[in-house]
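The basis for the numbers below is simple: all heavy atoms, side chains too, and nothing from hydrogens, waters or symmetry mates. Protein chains get the first letters and strands the later ones, always in sequence-line order, with residue 1 at the start of each.
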Protein chains: 2
Amino acid sequence: MFSIGKLSGSTGVKVPTIRYYEQIGILEEPDRSEGGQRVYGEEAKERLSFIRHARELGFSLDEIRELLDLADDPNQNCMAAYEIAKRQLIEVRNRIARLTALQGELQRMLDQCSCNTIGTCRIIQVLSDHSLCTSEHLGTEAGCKAS
Amino acid sequence: MFSIGKLSGSTGVKVPTIRYYEQIGILEEPDRSEGGQRVYGEEAKERLSFIRHARELGFSLDEIRELLDLADDPNQNCMAAYEIAKRQLIEVRNRIARLTALQGELQRMLDQCSCNTIGTCRIIQVLSDHSLCTSEHLGTEAGCKAS
DNA sequence: CTTGAACCTCTAGCGACTAGAGGAAGTAGA
DNA sequence: TCTACTTCCTCTAGTCGCTAGAGGTTCAAG
């Protein structure tokens, strides 16, 4: 029996995030104390740990929803879970490939910079002109900042 | 002299995105035709190409704003641009490292799955229990889908 | 002159949270 | 028991970089 704060502490998921998960329906509404505060049991903790771990492995909340449904029905064949994980692996591989191309391009840009004035700056030049790039880093990876 | 559609076609940046860039102020407000439609010149095209290329290389719009300011002032030393690019390279490297750990974990998960019923499914088990993982994939990379 | 494509502004939505306001409940020490 | 302090509650709005859609106007070709 723990409060939302204890649950947060023991799973590493922040308090507002737990409430958000409840709101979007991937975490059950817990019991409440007399005063209306959330009270969780062991089950909720396990479910939340599952969610956290799957998030760390890059699964989307929609995929996690699917995986949780599968986990709740222990007689089902796990082929579906396999497919979800496989899709995720392919996605991760693609992201690595795109990022590796970016890395090469950035490295080249930096190597060629001799830090004179902007007028001759290699970095600005390369950014202005894609044809100076060696690889096709047509990443849609862009703007994807790790939080 | 091109319309927003032509500009879009020649740079590969979608029309609403161009308007969005104008709205947030990284693209100048262009002249307008008599009827009030946007009319662009060569300069805008170059600037937009610069932005697009930098986005492909993973720079945020804030970083691009900085880079554009630098590019506009050709007498400045390019050390600042160097720093921005270097930061980006480090970021990309970190992302690759995190994703590589994820990749290993996902691969292991899939390798061990023999696709019986969920009750014994390795994928569900691993997701439930982080200690079954070999590496520390503490990725905050999660949920970052390439668009 | 008409048709139809391309343009306009505006608002709302995506995913997965995060931040903050304004107030109520729980808890530890005096 | 009182007080102080932390934790909790709900609600709304913001983050990033767009994307989608409504409802209307302008432009260019035939």
Side-chain angles (χ1 to χ4, degrees), chain A residues 1-27 29-40 44 48 51-66 68 88 91 95 139-147, chain B residues 1-27 29-40 44 48 51-66 68 88 91 95 139-147:
Chain A
M1 293 300 180
F2 3 76
S3 68
I4 197 168
K6 305 274 182 247
L7 184 66
S8 170
S10 69
T11 57
V13 180
K14 286 177 193 158
V15 169
T17 305
I18 296 173
R19 285 196 280 249
Y20 170 72
Y21 286 167
E22 181 186 326
Q23 190 195 310
I24 63 166
I26 65 170
L27 214 53
E29 291 186 23
D31 293 338
R32 299 285 181 136
S33 72
E34 297 227 335
Q37 301 198 351
R38 289 170 180 81
V39 179
Y40 296 93
L48 189 54
I51 295 168
R52 193 206 164 180
H53 194 196
R55 287 293 298 128
E56 280 173 6
L57 287 170
F59 292 93
S60 72
L61 289 176
D62 266 352
E63 286 166 334
I64 291 171
R65 217 188 293 264
E66 282 185 75
L68 283 167
Q88 180 59 18
E91 179 66 31
R95 292 218 316 253
T140 41
E141 195 62 36
C144 158
K145 293 280 179 194
S147 54
Chain B
M1 294 301 183
F2 2 76
S3 68
I4 197 168
K6 305 275 182 245
L7 183 65
S8 169
S10 68
T11 58
V13 179
K14 287 180 192 155
V15 168
T17 304
I18 296 172
R19 285 196 281 248
Y20 170 72
Y21 286 165
E22 181 186 326
Q23 189 195 310
I24 63 167
I26 63 171
L27 214 52
E29 292 187 22
D31 294 337
R32 299 284 182 137
S33 71
E34 297 230 333
Q37 303 198 350
R38 290 170 179 80
V39 180
Y40 297 92
L48 190 54
I51 295 169
R52 194 207 165 180
H53 194 196
R55 288 291 300 128
E56 281 173 5
L57 288 170
F59 292 94
S60 72
L61 289 176
D62 266 353
E63 285 166 334
I64 291 171
R65 215 188 294 265
E66 282 184 75
L68 283 168
Q88 179 60 19
E91 178 67 30
R95 292 220 313 256
T140 40
E141 194 63 35
C144 158
K145 295 278 178 195
S147 53

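If you take NZ of K6(A) and C1' of dG26(C), they are 11 Å apart, rounded to a whole angstrom. Rounded to whole angstrom, the span from the CG atom of D62(A) across to the P atom of dC17(C) amounts to 12 Å. Nucleotide dC14(C) holds its C1' atom 13 Å from the CD1 atom of I24(A), rounded to whole Å. At whole-Å resolution of the value, CD1 in I26(A) and C1' in dG15(C) are 12 Å apart. Here the P atom of nucleotide dC8(C) and the CG atom of D31(B) are 13 Å apart, to the nearest Å. In this structure, I18(B) atom CD1 and dT19(D) atom P are separated by 11 Å, rounded to whole Å. Rounded to an integer number of Å, the gap from L61(A) CG to dC14(C) P is 14 Å. Rounded to an integer number of Å, the gap from R55(A) CZ to dG15(C) P is 12 Å.
In this structure the side chain of L57(A) never reaches within 4.5 angstrom of the side chain of Q88(A), judged on heavy atoms. The closest side-chain heavy-atom distance from V39(B) to F2(B) is not below 4.5 Å. Under the 4.5 Å side-chain criterion, counting only non-hydrogen atoms from C-beta, V15(B) is not in contact with L7(B).
By the 4.0 Å N-to-carboxylate-O rule, E29(A) lies too far from R38(A) to be salt-bridged with it.
Between S3(A) and the phosphate of dT7(D), there is no side-chain N or O to OP1/OP2 separation shorter than 4.0 Å. Applying the 4.0 Å criterion to OP1 and OP2 of dG15(C), one finds that Y20(A) has every side-chain N and O outside that range. Regarding contacts with the backbone of dA16(C), every side-chain N or O of T17(A) stays at 4.0 angstrom or more from both OP1 and OP2. Neither OP1 nor OP2 of dG17(D) sits under 4.0 Å from any side-chain N or O of Y21(B).
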Please encode protein proximity along nucleotides 19-24 of chain C as a string of B, S and -, counting only heavy-atom distances under 4.0 Å.
------
Before you tell me yes or no, could you show the steps for T11(B) and I51(B) under side chain to side chain contact (heavy atoms under 4.5 Å, CB included), namely the whole-Å CA-CA distance, both residues' side-chain angles and the distance that decides it to 0.1 Å?
CA-CA 10 Å; T11(B) 58; I51(B) 295 169; over 6 Å; no
Please test Y40(B) against I18(B) for side chain to side chain contact (heavy atoms under 4.5 Å, CB included), starting from the C-alpha separation and ending with a verdict.
CA-CA 11 Å; Y40(B) 297 92; I18(B) 296 172; 3.6 Å; yes
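Tested against R55(B), the residues L61(B), V13(B), T17(B) include a single side-chain contact (heavy atoms from CB on, under 4.5 Å) partner, L61(B).
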Enumerate all atom pairs, one protein N or O and one N or O from nucleotides 10-14 of chain D, separated by less than 3.5 Å.
| unit_1 | atom_1 | unit_2 | atom_2 | d |
| --- | --- | --- | --- | --- |
| dT10(D) | OP1 | R32(A) | NH1 | 3.3 |
| dT10(D) | OP1 | R32(A) | NH2 | 3.1 |
| dT10(D) | OP2 | R38(A) | NH1 | 2.9 |
| dT10(D) | OP2 | R38(A) | NH2 | 2.8 |

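Evaluation of the salt bridge (charged side-chain N to carboxylate O under 4.0 Å, His left out) rule for D62(A) yields R65(A) as partners, not counting sequence neighbours.
Closest to the V15(A) side chain, of the nucleotides dC8(D), dA16(C), dC7(C), is dC8(D). The S33(A) side chain lies nearest to dG26(C) when the options are dC17(C), dA16(C), dG26(C).
With hydrogens and angles disregarded, no donor-acceptor distance shorter than 3.5 Å links the side chain of S8(A) to the backbone of I4(A).
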